[in-house]
Asker: 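Mind looking over this structure? Questions follow.
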Amino acid sequence: MSNDAHAPEVVPVSSPDKDAPLKEDIRLLGRLLGDVLREQEGDAVFEVVETIRQTSVRFRREADASAALELDGMLKALSREQTISVVRAFSYFSHLANIAEDQHRIRRRRAHLLAGSMAQKGSVSFALKKLRTAGVPRAAVDTFFKDALIAPVLTAHPTEVQRKSILDAEHDIARLLAERDLPLTPKERQAKLQLLRSRVATLWQTRMLRYSKLTVADEIENALSYYRITFLRELPGLYDDIEDDIASEYPNGDGTITPIKSAYVQMGSWIGGDRDGNPNVNAGTMQHALARHATTILDFYLDEIHTLGAELSVSTLMTGVSEQLQALADQSPDASPHRSDEPYRRALIGVYARLAATARALGATNILRKEVGPAAPYPDAPAFAADLQIIIDSLEAHHGKALVRPRLATLARAADIFGFHLASLDMRQTSDVHERVLADLFAQSGVEADYAALPEEEREALLLHELAQPRLLYSPFINYRDETNSELAILRAAGDIRRRYGERAIRNYIISHTETVSDLLEVLLLQKETGLLRTDWSNGGDGDSTCELMVIPLFETIPDLQRASDIMGRAMALPLIKQLIAKQGQLQEVMLGYSDSNKDGGFLTSNWELYKAELALVADFQKAGVKLRLFHGRGGTVGRGGGPSYEAILAQPPGTVNGQIRLTEQGEIIASKFSNAEIGRRNLELLVAATLEASLAPQAANPAATSQLDRFETVMAELSDLAYHAYRHLVYDTPGFTEYFFAATPIAEIAELNLGSRPASRKANQRIEDLRAIPWGFSWGQCRLLLPGWFGFGSAIDAWINSPGGSKDEKIATLRTMYAEWPFFATLLSNMDMVLAKTDLAIASRYAELVADKDLRERIYKRITDEHGNTLQCLELITGNTERLAGNPLLARSIQNRFAYLDPLNHLQVELIKRNRALSSENKIDERVHRGIQLSINGVAAGLRNTG
């Protein structure tokens, strides 16, 4: 934020220093923020910020003990008002640096495209070219897009519920920064600079975060902002690009482009439907979520139809129209003689009127432009899409094809993708709750007095017996527990939502902590009790059953993953489930949880058990003749399954993708991927390209790797066992570790600051076993240790290399071959490399000082730092790279650029935590200290970009 950055205003993209424009943008935004800081807070605060920044840089680069003491003294001397200003300054800089980096990514991508590098790695055109070269026929590509489902699923995150005002301001700053790359006159350039300054000033004077307790409604609104910024326009646009790419690589003989009719990329959401551990989610939140979804998409449709009405001024005096179009125009409430020869406008006015009526029927209350006259609402989204198709067909048949592509075709595509529901809302609840609800129903109906005490075999028999009964357990004349009433109301609401908004509005029910086959049967029985599972007994026999919600098991912990294959194999052998799977198109989804398996067994073991579970499930599903769709519950951190999605999909075991994949997107990852429309489109394309390549690329492209795969997997099993014991010994078996964790990380502050609608722990205690995986991983990210992303690796490699059987050199050679030839292992190490690049022991040592017990602090911190050093050595031994992120210089430079500004936030956070805990010990509260901690948490998360 120095005020002395006066580099040249513009650096050409073709400059020898490819990052020069990025550096200039960061300097410019830092200078503008510094100017605003001086103007708004005064010279004294500006000088304090600069001194802290410079001292922090010295502490980082020189590990200077005197700098640490100076920094500590400066921070302690800050007044409460100064502290907030300094935290805000560095937090805003993290956000501004992100904007500059995003703009540079766009700049570099466009430079590649202008240079003729059209088939860039990770693009669909690159994947198609690779497939065509490998001999994959066009028919296989067409089948892929016809049958595929690729679904990013947005989930709430406690650190990333930003206010719309902040998102809007940052969006404007990004736009203005991008416009500075255009040819501008000096006067225009100065005007852009003044606008930038004003938006940075607006940002400074706008409250960054909400300070009242967040609600599920807040989280819903936050997610919807990304639809308006990115998904509503960029996803349909991506479909158009992909059609062009297919026509380029697999051209039709007549030069035409074959449209893809299926909606192969669809959006999903957990926000408002995920009630696992969240008492604030109920039937009302689900209904509110869908009402807001519908309002958002219908607002978009209404705006687009209004704009089309202005654009399509086609007159029948100039050209003809189809009979269907004329009939659509004649049904319009518009009777103006001025438009009697403009049937397209009249038809669109009628479409607008029907959409407005639909919006009101589905919960919208504020339609900005009133319709010309009354009209009946659309019964469903396909009816709306059919009207759009009438307009398209008429234009194409009457020399108006050029009028279709700019807006109308994209709108029709959006109607297919988003319907009236916008995104499919998943329901999720833990199996323990289902057990309690059914125990209540069984006991009250006199069927079984103590369901919870039954062994698994008897549970399954009872559940199957009840599923085969035409009568219900539930009676409206019995008083049930509140939890029972709530859960049944939620399922009934799901049925209502499907009837109102369409079947795609809610179609999945996810069971957390799936441990037995009875966990699946319980949800089927609850669906039967609420009318979502129906059986036709009219033909006798076993009956014909239909289930509205696919029951999806979630396997999370290491033991859960290990028994996933057995559970699914046994479940798919049951006649009822066989029948239901057949009704689902012979397809069944299984969700795998990265977060809890990591917290349970550590980074290496989690990844290996996930890999093994996937292979076993593939075998079981192939044997049963059922298509497997995997839902990857990835978090933001590498420890929670994060890392680049493209590489992660390509590293999946053979047979696990097959055109079907869902994966969660959450936390600051949503903002980093989708808060910029162009970058959002690129990230969506990466998902499609990776799924296409992983599904259709011929296997065994590397014969050497395939021939050695058995050996590689044997080695991984041994490494996993060693890493598991090292991790478990530290986290669960070391006396005092829990006390260390709660003292040396901001976990207590995260839990108490109401940063999200979901409690940090499943139970009111300080057991790590009961702590949710998000705050567990997030806390380690905040203190810059990121322990869940690497701990145990060094111990495992070192122990394996030095174990009996085979020479040390041979074992090292094996590990290097695994890294070179096995995508799974290469991706594992690449993700860990990124985590280690963001780990900073100097910063972490400051957090360790928060542990009052010196012996405990030194004992556990030494364990952690020793393992860190060992892990670095082992990683370098395998990869040959002594520098972190040698294979990703762009990210390496990004980290280098931002960390000098990020470090002060960590130092300030430590000081604020000290103050907060001192006040708490005296039963006192200072809201400004709380606010400072919350701002610092947001700033650090923004700076690291994948900590949650």
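Residues take their numbers from the sequence shown, with the count starting at 1.
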Asker: Is the shortest side-chain heavy-atom distance between Leu617 and Glu614 below 4.5 Å?
Answerer: no
Asker: Give, for atom CD of Glu522 and atom CG of Leu520, the distance between the pair rounded to the nearest 0.5 Å.
Answerer: 9.0 Å
Asker: With side chains defined as the heavy atoms from C-beta onward, is the minimum distance between His293 and Leu224 less than 4.5 Å?
Answerer: yes
Asker: Hey, what's the ring geometry for Trp776 with Trp780, parallel, tilted or perpendicular (30° and 60° as the breaks)?
Answerer: perpendicular
Asker: What I want to check is whether the side chains of Thr215 and Asp218 have a donor and an acceptor closer together than 3.5 Å.
Answerer: yes
Asker: Can you tell me how far CG of Asp544 sits from CD of Gln579, rounded to the nearest 0.5 angstrom?
Answerer: 5.0 Å
Asker: Under 3.5 Å, is there a donor on one side chain and an acceptor on the other for Ser512 and Thr430?
Answerer: no
Asker: Could you tell me which non-hydrogen atom of Ala381 sits nearest to which non-hydrogen atom of Gly419, and how far apart they are?
Answerer: CB-CA, 3.5 Å
Asker: Please check if the distance between the ring centroids of Phe674 and Tyr226 is under 6.0 Å.
Answerer: no
Asker: If you count the non-hydrogen atoms of other residues, nucleotides and ligands that lie under 6.0 Å from CD in Glu503, is the total more than 12?
Answerer: no
Asker: Considering only NZ, NE, NH1 and NH2 on the basic side and carboxylate oxygens on the acidic side, decide whether Arg492 and Glu529 come within less than 4.0 Å.
Answerer: no
Asker: Using a strict cut-off of less than 4.0 Å between a Lys/Arg side-chain nitrogen and an Asp/Glu carboxylate oxygen, indicate whether Arg459 and Glu456 qualify as a salt bridge.
Answerer: no
Asker: Taking side chain as C-beta onward, heavy atoms only, is Leu532 less than 4.5 Å from Tyr509?
Answerer: no
Asker: Quick one: are the ring centres of Tyr474 and Tyr480 less than 6.0 Å apart?
Answerer: yes
Asker: Salt bridge or not for Arg570 and Glu460, using N-O below 4.0 Å?
Answerer: yes
Asker: Passes salt bridge (Lys or Arg N to Asp or Glu O under 4.0 Å), Arg471 versus Glu466? Steps please.
Answerer: CA-CA 8 Å; Arg471 55 131 177 95; Glu466 285 300 320; 2.7 Å; yes
Asker: Measure the CD-CZ distance between Gln266 and Phe418 for me, rounded to the nearest 0.5 Å.
Answerer: 10.0 Å
Asker: Looking only at heavy atoms, what is the nearest atom pair of Thr285 and Ile220, with distance?
Answerer: O-CD1, 4.3 Å
Asker: Short question: side chain of Arg728, backbone of Asp600 - any donor-acceptor pair under 3.5 Å?
Answerer: yes
Asker: Where do Arg500 and Gln287 land on the side chain to side chain contact (heavy atoms under 4.5 Å, CB included) test, with the steps shown first?
Answerer: CA-CA 10 Å; Arg500 288 192 75 193; Gln287 289 161 334; over 6 Å; no
Asker: Could you tell me whether Arg504 and Asp380 have a side-chain N and a carboxylate O separated by less than 4.0 Å?
Answerer: no
Asker: How would you list, by chain and number, every residue that makes a side chain to side chain contact (heavy atoms under 4.5 Å, CB included) with Arg563, sequence neighbours excluded?
Answerer: Glu515, Pro559, Asp560, Ile567
Asker: Quick test of your reading of the model: are Asp620 and Lys623 salt-bridged, counting only N-O distances below 4.0 Å?
Answerer: no
